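Below you'll find the structure, written out as structure tokens, and then a few comments.
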Amino acid sequence: MSLLKTSAFLMIAIQAIALGYLTGSFPLPIAAMVLSLIALTTSTRFDVTRDNRIRLYMLVIIVFILKHQVVPPKVAIDQIFIRTEVALGIAQCVLALQVMTLFFVHRERWSTIERVTAGLPALPAGIVSSSQLPREAELPLPLLLPSLGCVALVMSFDVQVSRTHGRMITQILSICFAISIAFYYASTRNRLRDASAGQVRRAPLTRYAAFFAIISLVATLAWAGSIGLYTYEDKIAAWIANMVNTEAKQRAGVSNRSQLGNVAWQKLRDADGLLLRVYSEKSPGYLRGMVLDTMEQSSWRSPQPDEDDAPPLRQLSPTSRFPDIIEKKTPGSRVFRSFKAPKAANQEIEIWPVENSANRVFSKLETSYLRIELPQISQNGHSVFVPDGRLESNPYSVYQRPLDEAIREELDDSPRILARCLNIPRRYINIERRGTLDIHALAREIFRDCGTTAEKITAVERHFHQNYQYRLGIEIPLQHDPLIYFLNERPPAHCEYFASGAALLLRLGGVPCRYVTGLVVSERNEWSDCWVARNRDAHAWVEAYDEKRGWVVVEATPATGVPDHHDTSQAKQVWEQLLNLFRQMQEWSRTGGLVRAVEALIALLRHPVVILLILALAAMILFRKKLRRRLAAAQDPRLLSIHKLLRKMDARLRVANVRREEGETLSRFVRRLREEFPDDPFFKAAAEWYQHYIAYRFRGQIGEEALQELLNAMPDARLKPVQMSHPT
């Protein structure tokens, strides 16, 4: 192979090696290397028009999009970056496009060489072989090839590599790729210059030495720059993540802080947008996303791990001992036992997160076990599961047993033992806001006749339900503390104010409590037999500690503000079920469970409404076919026959690489054929045929004899043209 072809092969080989290394899947990279080697060592090319090339490229892109949706690339490396699976899918598609490009003749590129090369013949049409070209001519490669390679390599390296896993390999591959690009363009430039001089000669040795010195300098600078980037990779990654996920910081359960208004913002933003699909025998109810314990002026937060009195973050290890209800439904899933949780579980909730909610684990207050596809997971002092890495939008299951049953059976109903096991911190009772005398007086009034914690919780809930109204949004005058103004003036407000006000009053009454945001799941999709959580189901509530019952949910928001079942149209439920089915098939195909995917599809097709939809669609198709036949029968059959002859003639000219442009009249097309091919007998006969067609078609002389004459006179490239008499 020449230096140009060798450089092209190296570029594709480097991309294939990078993809195989990062995905752990080698069939596509090996196939790309083998096909590119065949294309570059042989001279056979396919002469495809520009429009057909674009169509083929679009077809390949569509195939890879469908392939990515069904079986997305799985990253072999541990640390991945933003949307790495999508990036690797793009890299695979671009690599396939490059290999396909090697088998095409690029007439635009060839015309450039022809203009600077003297004496070379015109490029033949169809399949081009080296035997049809002069010895000094070489089939050109597109100048766009390195650009596509850069896209593929950048998309492949959308990962976070460490010093011990991949950094050296990615640096070496990148530098080798840059060198191969330099040689590729240098070879192309030398070929054009030598072709313009009418000869092919080699560059002097000094030129190669200078070129190699420049490449070495660029590689050294690139290596030094990559080391600097790796030094600050954490800061760069955090900055990019903040730029890309600007909305994620506002969602419940993402950070260690929640402003009053974040939940309302989520409820207002795309209220019908799906967040979770939950499979459970009964309504899942409250699913915790974020738990906070420190109250400030207009926000809640939790102390950072480096602060004093911060909730401990414990790393959980997978357990092999769990109740019989827990099954490992996917090969890569692991079971984790919640810290200090009872060794019992009798309820399962399987959660399928949608992409925009896949950055946190939702769970129940009484969760005992978690089954998830992660090697490690941690749990903070609020019993919230914190993934130690990126959490994919793959399903996970939480297993629970109601806390009151666990207390009776395992803790022997002892408040002293319960308090020690749950380890209630003092920050659950602290009040950083000093408030006003009116608030203290309000708390004393609410708790006046309360003797137990349960009575205090009931009194707080009753106070808000009877004296306040719910409204999504609140108007706070300037210079006023939002929460104090809400408690004193009692304006309509949303759940965050009710939860914060309840927490403040409970702490004034000596009841430990914490602020929780998450989802209240109560909507059921009748088609998929699952529960659905949407943005409008975002909610805030309080968890209070009762020495006899443990942690309990306190719902201070009036009933009109608690997310409840919303009537969803049957059409929307069907559409969401189809999307859900596709997501399940994608997950089961990824984990090897194609049998379950087929079973789910069969179950859907057996649904009566789906059967009715299929029958209606079939009836509509049959009706359209029958209507077309009636319309065709109503037309003049001779007119249909002459149109058929015109389509047949156009097809013959397309085989000869000549086509009638869109909007081009037949008379103009005849003139073009005669001007471009004045001495070619086939095209002269074709122009004559079109002229006779115009005469017969537009002068109303469509008879059986005219149709037969047009059919017999249709020219063929292998036969002599048939002479036709001009119609009178």
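Source: prediction; values computed, not measured. Throughout, residue positions are numbered sequentially from 1 according to the sequence presented.
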Which heavy-atom pair separates [X] from [Y] by the least distance, and what is that distance?
{"X": "Val398", "Y": "Ser363", "value": "CG1-CB, 3.9 Å"}
{"X": "Leu487", "Y": "Tyr468", "value": "O-OH, 2.9 Å"}
{"X": "Thr453", "Y": "Glu547", "value": "OG1-OE1, 2.9 Å"}
{"X": "Tyr497", "Y": "Ile474", "value": "CE1-CG2, 3.4 Å"}
{"X": "Glu348", "Y": "Ser397", "value": "OE2-OG, 3.5 Å"}

If you define the side chain from C-beta out and look only at heavy atoms, does anything of [X] sit under 4.5 Å from [Y]?
{"X": "Ile372", "Y": "Val361", "answer": "yes"}
{"X": "Arg536", "Y": "Pro563", "answer": "no"}
{"X": "Val384", "Y": "Gln379", "answer": "no"}
{"X": "Arg334", "Y": "Arg371", "answer": "no"}
{"X": "Thr367", "Y": "Ser383", "answer": "no"}
{"X": "Val278", "Y": "Glu350", "answer": "no"}
{"X": "Glu543", "Y": "Leu365", "answer": "yes"}
{"X": "Tyr396", "Y": "Pro353", "answer": "yes"}

inquiry  = Check the orientation of Phe464 and Phe486. Use parallel for under 30°, tilted for 30 to 60°, and perpendicular for over 60°.
reply    = parallel

Would you kindly check if the NZ (Lys) or CZ (Arg) of Arg277 is within the cone defined by 45 degrees around the ring axis of Trp352 and under 6.0 Å from the six-membered ring centre?
no

Give, for atom [atom1] of [X] and atom [atom2] of [Y], the distance between the pair rounded to the nearest 0.5 Å.
{"X": "Asp293", "Y": "His382", "atom1": "CG", "atom2": "NE2", "value": "4.0 Å"}
{"X": "Trp551", "Y": "Cys513", "atom1": "CH2", "atom2": "SG", "value": "7.5 Å"}
{"X": "Leu508", "Y": "Ile446", "atom1": "CG", "atom2": "CD1", "value": "9.5 Å"}
{"X": "Arg524", "Y": "Ser280", "atom1": "CZ", "atom2": "OG", "value": "8.5 Å"}
{"X": "Arg549", "Y": "Thr452", "atom1": "CZ", "atom2": "OG1", "value": "8.0 Å"}
{"X": "Phe336", "Y": "Gln315", "atom1": "CZ", "atom2": "CD", "value": "9.0 Å"}

Sidechain-backbone polar pair: [X] side chain, [Y] backbone, donor-acceptor under 3.5 Å:
{"X": "Arg507", "Y": "Tyr428", "result": "yes"}
{"X": "Lys456", "Y": "Gly509", "result": "yes"}
{"X": "Glu496", "Y": "Val263", "result": "yes"}
{"X": "His465", "Y": "Thr557", "result": "yes"}
{"X": "Glu489", "Y": "Pro491", "result": "no"}
{"X": "Trp541", "Y": "Tyr515", "result": "no"}

*Report the C-alpha distance between Ile377 and Leu370 in whole Å, list the side-chain angles of each, state the deciding distance to 0.1 Å, and finish with yes or no for side-chain contact (heavy atoms from CB on, under 4.5 Å).*
CA-CA 10 Å; Ile377 199 166; Leu370 171 69; 3.5 Å; yes

Polar side chain donor-acceptor pair, Glu555 to Tyr286, under 3.5 angstrom:
yes

Determine, stepwise, if the pair Tyr470 / His494 fulfils side-chain contact (heavy atoms from CB on, under 4.5 Å).
CA-CA 6 Å; Tyr470 176 85; His494 49 268; 3.9 Å; yes

* To do: Take Leu519 and Phe362, measure what side-chain contact (heavy atoms from CB on, under 4.5 Å) needs, and give me the verdict at the end.
  => CA-CA 8 Å; Leu519 300 169; Phe362 288 94; 3.9 Å; yes

Strictly below 4.0 Å, N to O, side chains only: are Arg288 and Glu366 in salt-bridge contact?
no

Q: With side-chain contact (heavy atoms from CB on, under 4.5 Å) as the test, would you mind laying out the steps for Ser283 and Ser522 before giving the verdict?
A: CA-CA 6 Å; Ser283 176; Ser522 58; 4.2 Å; yes

side-chain contact (heavy atoms from CB on, under 4.5 Å) test vs Gln266 passes for just one of Thr517, Asn535, Asp537, namely Asn535

Greater than 12 external heavy atoms within 6.0 Å of Gln469's CD: no

